[in-house]
Amino acid sequence: MKKLLLYNSKDVSEMRRFKSSYSKSMLLATCFLLIILLFAICIIINQMAKLPIDSLNFVGVGVALCFILVTLLYSFFSQIRYVCVTKENLIIKKMLGKVIIPRCNILQVQHKKSLMFDVRLWGISGLFGHIGIFWNKSIGKYTAFVKDGSSMLEIKTEGKSYVISCNDYVQMIKLLND
């Protein structure tokens with residue numbers, strides 16, 4: 001956990017930053033899937049070079065290539081980098097973009113033990129983490145940004161639920177429940 005200062009035009013407020021690192025198994029799964037997908041891209045490009053451009057097969061192989069590239073880009077840019085807690089907000093920083101949750105909207109924060117039996121409605125698991133929209137009986141529908149399944153937080157707000165991971169999740173639970 002790092003303490004950073006945010007310089008506002010009016011005041012200086014304290015912000016705590018919690019890094020989100022990969023578990024060893026998620027890092028291994030990500031590397032394995034990247035190798036497979038990069039190999040598939042090479043095969044597809046090789047096949048496209050052999051096909052006539054105006055053929056239906058060329059279009060089909062091109063669609064498969066686009067699907068793989070979109071999956072790679074979505075999962076890479078949606079992965080969680082870190083979480084910041086300020087006096088007013090909880091900020092989930094992704095590779096591209098961020099999710100801002102006002103702290104006054106947070107109803108409950110607790111440790112989540114597993115995603116094993118949760119249903120993936122939209123997203124991906126294994127490539128850069130568990131990312132997307134999931135569902136289970138106790139939480140309902142939630143958005144996940146997880147790199148380490150053993151350090152997850154379940155955050156319930158008035159309208160949505162989130163599951164995130166960060167290295168020092170116990171400290172974050174204490175901070176958010178104060």
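All residue numbers refer to positions in the sequence shown, counting from 1. Values below: every heavy atom of this structure, side chains too, minus hydrogens, waters and symmetry copies.
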Check: Would you say Val146 and Phe134 are hydrophobically clustered, going by side-chain heavy atoms of ILVMFWY under 4.5 Å?
Finding: yes
So Pro102 and Asn105, do their side chains get closer than 4.5 Å, heavy atoms only?
yes
If two hydrophobic side chains count as joined below 4.5 Å and joins carry through other members, does Val163 share a cluster with Phe18? no
Ser75 and Ile131 have their tightest heavy-atom pair at O-CD1, 3.4 Å
- Task: Look at Asp118 together with Lys112 and state whether they make a salt bridge at an N to O cut-off of under 4.0 Å.
- Result: yes
Interatomic distance, CD1@Ile173 vs SG@Cys166, rounded to 0.5 Å, equals 8.0 Å
Looking at His130, is its backbone amide N or carbonyl O close enough to the side chain of Ser125 to form a donor-acceptor pair, meaning the two atoms are under 3.5 Å apart? no
query = Does His111 use its side chain to pair, donor to acceptor, with the backbone of Met152 at less than 3.5 Å?
reply = yes
What I want to check is whether the side chains of Arg81 and Ser20 have a donor and an acceptor closer together than 3.5 Å. no
Please check this pair: side chain of Ser55 against backbone of Pro52, looking for a donor-acceptor N/O pair closer than 3.5 Å. yes
To the nearest 0.5 Å, atom SG of Cys84 lies from atom CG of Leu90 at 8.5 Å
How about Ile53: does its CD1 atom have over 12 heavy atoms from other parts shown lying under 6.0 Å from it? no
CG of Leu27 to CZ of Phe128, rounded to nearest 0.5 Å, is 10.0 Å
To the nearest 0.5 Å, atom CD1 of Ile155 lies from atom CD1 of Ile106 at 6.0 Å
Derivation of the side-chain contact (heavy atoms from CB on, under 4.5 Å) call for Ile101 and Asn89:
CA-CA 6 Å; Ile101 304 168; Asn89 297 312; over 6 Å; no
| task | Using only heavy-atom distances, determine whether the side chains of Asp148 and Tyr169 contain a donor-acceptor pair under 3.5 Å. | result | no
One should read off an interatomic distance between Leu51 CG and Phe58 CZ, to the nearest 0.5 angstrom, of 7.5 Å
- Do the side chains of Glu154 and Lys156 get nearer than 4.5 Å, heavy atoms only? yes
Exercise for review: Output yes when a side-chain donor or acceptor of Thr71 lies under 3.5 Å from a complementary backbone atom of Phe67, and no otherwise.
Suggested key: yes
Exercise. Is any side-chain heavy atom of Gln171 less than 4.5 Å from a side-chain heavy atom of Arg16?
Worked result: yes
TODO: Keeping the roles fixed (side chain from Gln79, backbone from Phe76), state whether a donor-acceptor pair exists under 3.5 Å.
DONE: yes
Checklist line | Side-chain heavy-atom pair Leu34, Ile36 within 4.5 angstrom cut-off | finding: no
When every non-hydrogen atom of Ala40 is compared with those of Ile68, the smallest separation belongs to CB-CD1, 4.0 Å
Leu28 reachable from Leu38 in the ILVMFWY side-chain graph, under 4.5 Å edges: no
Distance col, row Asn167:CG vs Lys19:NZ, nearest 0.5 angstrom, shows 6.5 Å
Backbone N or O of Phe117 within a donor-acceptor pair of the Asn136 side chain at under 3.5 Å? no
Heavy atoms of Thr157 and Leu107 approach each other most closely as O-CD1, 3.6 Å
Closest heavy-atom pair, Phe145 versus Lys94, reported as atoms and distance to 0.1 Å, is CE2-CD, 3.4 Å
### Query
Can you get from Tyr82 to Val85 by hopping between Ile, Leu, Val, Met, Phe, Trp and Tyr side chains that sit under 4.5 Å apart?
no
For Cys42, does its backbone N or O pair with a side-chain atom of Asn46 as donor and acceptor, under 3.5 Å? no
Legend entry - Derivation and outcome, side-chain contact (heavy atoms from CB on, under 4.5 Å), residues Thr30 and Met26: CA-CA 6 Å; Thr30 296; Met26 186 59 68; 4.2 Å; yes
**Message:** A side-chain contact here means heavy atoms from C-beta on lying under 4.5 Å apart; do Leu72 and Leu37 qualify?
**Reply:** yes
Derivation and outcome, side-chain contact (heavy atoms from CB on, under 4.5 Å), residues Ile133 and Tyr142: CA-CA 6 Å; Ile133 301 170; Tyr142 65 89; over 6 Å; no
- Query: When you look at Val119 and Leu121, which way does the side-chain contact (heavy atoms from CB on, under 4.5 Å) test go after all the steps?
  - Reply: CA-CA 6 Å; Val119 177; Leu121 302 175; 4.2 Å; yes
Exercise for review: Kindly work out whether a path of hydrophobic side-chain contacts (I/L/V/M/F/W/Y, heavy atoms less than 4.5 Å apart) joins Leu153 to Ile80.
Suggested key: yes
Q. Has Lys147 got its NZ or CZ under 6.0 Å from the middle of the six-membered ring of Tyr22, at an angle within 45 degrees of the ring axis?
A. yes
Do Arg17 and Val83 come close enough that some side-chain heavy atom pair is under 4.5 Å? no
